[in-house]
Amino acid sequence: MSDSLVDLARDSSAWPFQEARDLLEKRLGGKKPEKGYVLFETGYGPSGLPHIGTFGEVARTTWVRRAFQVLAPDMPTKLFAFSDDMDGLRKVPDNIPNKEMVRQHLGKPLTRIPDPFGTHESFGHHNNARLRGFLDSFGFEYEFKSATECYASGMFDHALKRVLECYDEIMAVMLPTLGAERQATYSPFLPVCPRTGVVLQVPVIHHDADAGTIVYVDPETGEKMETPVTGGACKLQWKPDWGMRWYALGVDYEMSGKDLIPSVDLAAKICRILGGTPPKNLSYELFLDDKGQKISKSKGNGLSVEDWLKYAPEESLALFMYQKPKAAKRLFFDVIPRAVDEYIAHVDSFHGQDDKGKFNNPAWHIHHANPPKGTSPLSFGILLNLVGVANTDDPDVLWHYIRNYAPDASPEATPFLNKLVSHAIVYYNDFVKPTKQFRKASEAELKALTDLRNQLKAAPAGAGAEELQNIVYEIGKAHAETFPGLRDWFKAQYEILLGQDQGPRMGSFFALYGVDKSVELLDRAIAGDDLGA
RNA sequence: GUGCCCGUAGCUCAGUGGUAGAGCAUUCGACUUUUAAUCGAAUGGCCGAAGGUUCGAAUCCUUCCGGGCACACCA
């Protein structure tokens, strides 16, 4: 039984299984690594707060890891979330307080810059905490690794000495990739200035593999400085750093955006020079905005995680990230409802599928083999329409409409639908409500509305939707010269009372909205108040 | 120039060797009285082009065509 599951997983065309299979067979040769576990890694830049790409990368890496665990259940795995918190800060980020204070520390490792937020030991620690909080909020399993700690603790010492031993070979790989200016000053080692604490980009004038040191000239004092490369006294330039880290930690799998393909190649070469085997890499496509432009934080286009989660549950974002990592996808508001509905469809089909089908179902991956039993009897698309048409941001009113369609649905019985209702309301408030355009009633329309107001007022207490609908209908007929077709009467009500050109069955609306409140609404319309205010 | 991705219905896209699909749009019908929703049905594709492999190709290979993106430094 378990054998056949392994076979199915091996043959599965789902990309996490394909990645896991390649990792197991090509990278590992089917054998457990000597370090005793298979290591997955995701990396984070120094200035970056967690963003939607971070989520995507960790989610995707986790899926490969889960798939791998099915293929090789007897091999332990780990996922390192590695923070480059020893990188020198290059420019002051826009979105932080105390910019002037931070400016005075430019060039220093992030972990040696005071926290501008004042909540942590350093700026680096602050960002790390944000990263961890972000990852934890999704329940990702990982081990956090800090570059600063790895360097300072001596964990990288052996590998750093190897870099020094292979100095010339590494320079020979790096130099041809650099412009002439950079070639003149390039060194894989960046000494941390003992005087100022700044990570220096200076030429190395001498290196001594036996002593484990390099010599450089302090750019301000002109003094020749000799420093060990170990123990945190030097940091590596990032491409050698990446290759060194793969070698030092024995990273078996790491994915990265396609803009990093040349860097991955270089880092892999360096890793091999050191005597290691580079990880299996997956280059995923970048995200585009609605106009097909690359999404970048500086441009501020595209969509943030917070934006997405405001309008839809995180499962839908996970599904979006699952789909076709190698195809460029547009990431903007309009893709959200579709992602939700496809998520629902996948979960609903899951439980009727055989094992092969389940392995191919995104829901298997998103939910770690255990998708929930039920989701929502209504699609998100329908719900969004409903919210717009029903013209309300009151969940209770919405549930009345929903029960017309799905009598068994309730906030308790269908919790996922309940979440969707909340999201749909936010969507309504942000996207539908602002587009409302109320118009004033004409003289003739005013007469009809006044009739309506008076008859609603006079309606027996507890009048139902049908009864109210009949009142509305009769008034429309009574004012036939104003409204040649009943359609015109209803259209007028939508435009004047609801600020939209379509709407709900008015009898139902008045019943749900409440006759008293409806009368108030009509009073305001008759008085000529601006209902959009 | 190098590399990657995409090209399937009007639109947005699923579909990695076995009878071409979904959603939206359009048209018609139902919901014993408006609209919308909902439900049912219909319409709609030479799967970018040409070769090749195969009993069989949207799918695999080759070459084109068209569109997009990445590739100094920094990360």
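Values reported hereafter were calculated over all heavy atoms of this structure, with side chains retained and with hydrogens, waters and symmetry mates removed. Lettering of chains follows the sequences in order, A, B, ..., and the numbering in each one begins at 1.
Listed pair A:Arg182 / B:C74 meets the phosphate criterion, a side-chain N or O lying under 4.0 Å from OP1 or OP2. Residue A:Gln237 places at least one side-chain N or O closer than 4.0 Å to OP1 or OP2 of B:A75. The phosphate of B:A14 (OP1 or OP2) has a side-chain N or O of A:Lys324 nearer than 4.0 angstrom.
When the P atom of B:U16 is taken as reference, atom CZ of A:Arg21 falls 14 Å away, rounded to whole Å. Rounded to whole Å, atom P of B:C5 lies 17 Å from atom CG of A:Leu260. Protein atom CG of A:Leu319 is 19 Å distant from nucleotide atom P of B:A22, rounded to whole Å. If you measure from atom CG of A:Leu89 to atom C1' of B:A75, you get 12 Å, rounded to the nearest angstrom. Look at CE on A:Met255: it is 16 Å from C1' on B:C4, rounded to the nearest Å. Protein atom CD of A:Glu285 is 8 Å distant from nucleotide atom P of B:C6, rounded to whole Å. Put simply, CD on A:Gln493 is 14 Å from P on B:U35, counting in whole angstrom units. Between A:Leu398 atom CG and B:A37 atom P there is a gap of 16 Å when expressed in whole angstrom units.
Ranked by how close their nearest RNA chain B nucleotide is to the 5' end, A:Trp238 and A:Ala328 are led by A:Ala328. Both A:Lys329 and A:Tyr186 lie close to RNA chain B; mapped to their nearest nucleotides by heavy-atom distance, the more 5′-ward contact belongs to A:Lys329.
The side chain of A:Tyr494 sits closest to B:U34 out of B:U34, B:C13, B:A70. You'll find that the side chain of A:Asn470 is closest to B:U33, out of B:C73, B:U33, B:A70. Proximity note for A:Leu178 (side chain, C-beta onward) versus B:A75, B:C73, B:U12: the nearest is B:C73. Closest to the side chain of A:Gln18, from the set B:C13, B:C74, B:U16, is B:U16.
Partner assigned to B:A75 is none, using Watson-Crick or G-U wobble distances below 3.5 angstrom. For B:U19, there is no paired nucleotide, since no Watson-Crick or G-U wobble pair has both relevant distances below 3.5 Å. The partner of B:U38, taking Watson-Crick or G-U wobble pairs whose two distances both stay under 3.5 Å, is B:A30. Nucleotide B:G45 has no partner under the Watson-Crick or G-U criteria, as no pair reaches both atom distances under 3.5 Å. When Watson-Crick and G-U wobble pairs are counted only if both distances are under 3.5 Å, B:A9 pairs with no nucleotide at all. Nucleotide B:U62 has B:A50 as its partner under the Watson-Crick or G-U criteria, with both atom distances under 3.5 Å. Figure legend. B:A70 is base-paired to B:U2; pairs are counted as Watson-Crick or G-U wobble with both atom distances under 3.5 Å.
Side chain A:Tyr473 to base B:U33: a donor-acceptor pair is found below 3.5 Å. For B:C69, its base sits under 3.5 Å from the side chain of A:Lys258 at one donor and acceptor pair at least. The base of B:U34 sits within donor-acceptor range of the side chain of A:Gln469, with an N or O pair under 3.5 Å.
Judged by ring centres under 5.5 Å apart and planes tilted less than 30 degrees, A:Phe490 stacks against the six-membered base ring of B:U34.
Going from the P atom of B:C28 to that of B:U35 covers 13 Å, rounded to whole Å. Straight-line distance between the P atoms of B:C39 and B:A58: roughly 33 Å, to the nearest whole Å. Taking atom P in both B:U12 and B:G68, one finds a spacing of 14 Å when rounded to whole Å. B:C4 sits 42 Å from B:U43 when the P atoms are compared, rounded to a whole Å. Taking atom C1' on both B:G56 and B:G52, the two are 15 Å apart, rounded to the nearest angstrom. Taking the P atoms as reference points, B:C61 lies 14 Å from B:G7, given to the whole Å. When the P atom is compared between B:G45 and B:A20, the two are found 14 Å apart, to the nearest whole Å. For the C1' atom pair drawn from B:G21 and B:G67, the interatomic distance equals 24 Å after rounding to whole Å.
Residue A:Ser263 is in base contact, counting any heavy-atom pair closer than 4.0 Å across all strands shown.
Taking SG from A:Cys193 and CG from A:Leu200, the interatomic distance works out to 5.0 Å, rounded to the nearest 0.5 Å. Between A:Tyr427 atom OH and A:Phe380 atom CZ the span is 8.0 Å, to the nearest 0.5 Å.
Classification of the A:Phe17-A:His365 ring pair by plane angle, with boundaries at 30° and 60°, yields perpendicular.
Aromatic ring centres of A:Tyr247 and A:Trp242 lie farther apart than the 6.0 Å criterion allows. Less than 6.0 angstrom separates the ring centroid of A:Trp63 from the ring centroid of A:Tyr322. Proximity of the aromatic rings of A:Phe416 and A:Tyr343 is defined here by a centroid distance below 6.0 angstrom, and this criterion is met. A:Phe55 and A:Trp308 have their aromatic ring centers separated by at least 6.0 angstrom.
For A:Lys280 and A:Glu25, the salt-bridge test fails: no basic side-chain N is under 4.0 Å from an acidic carboxylate O.
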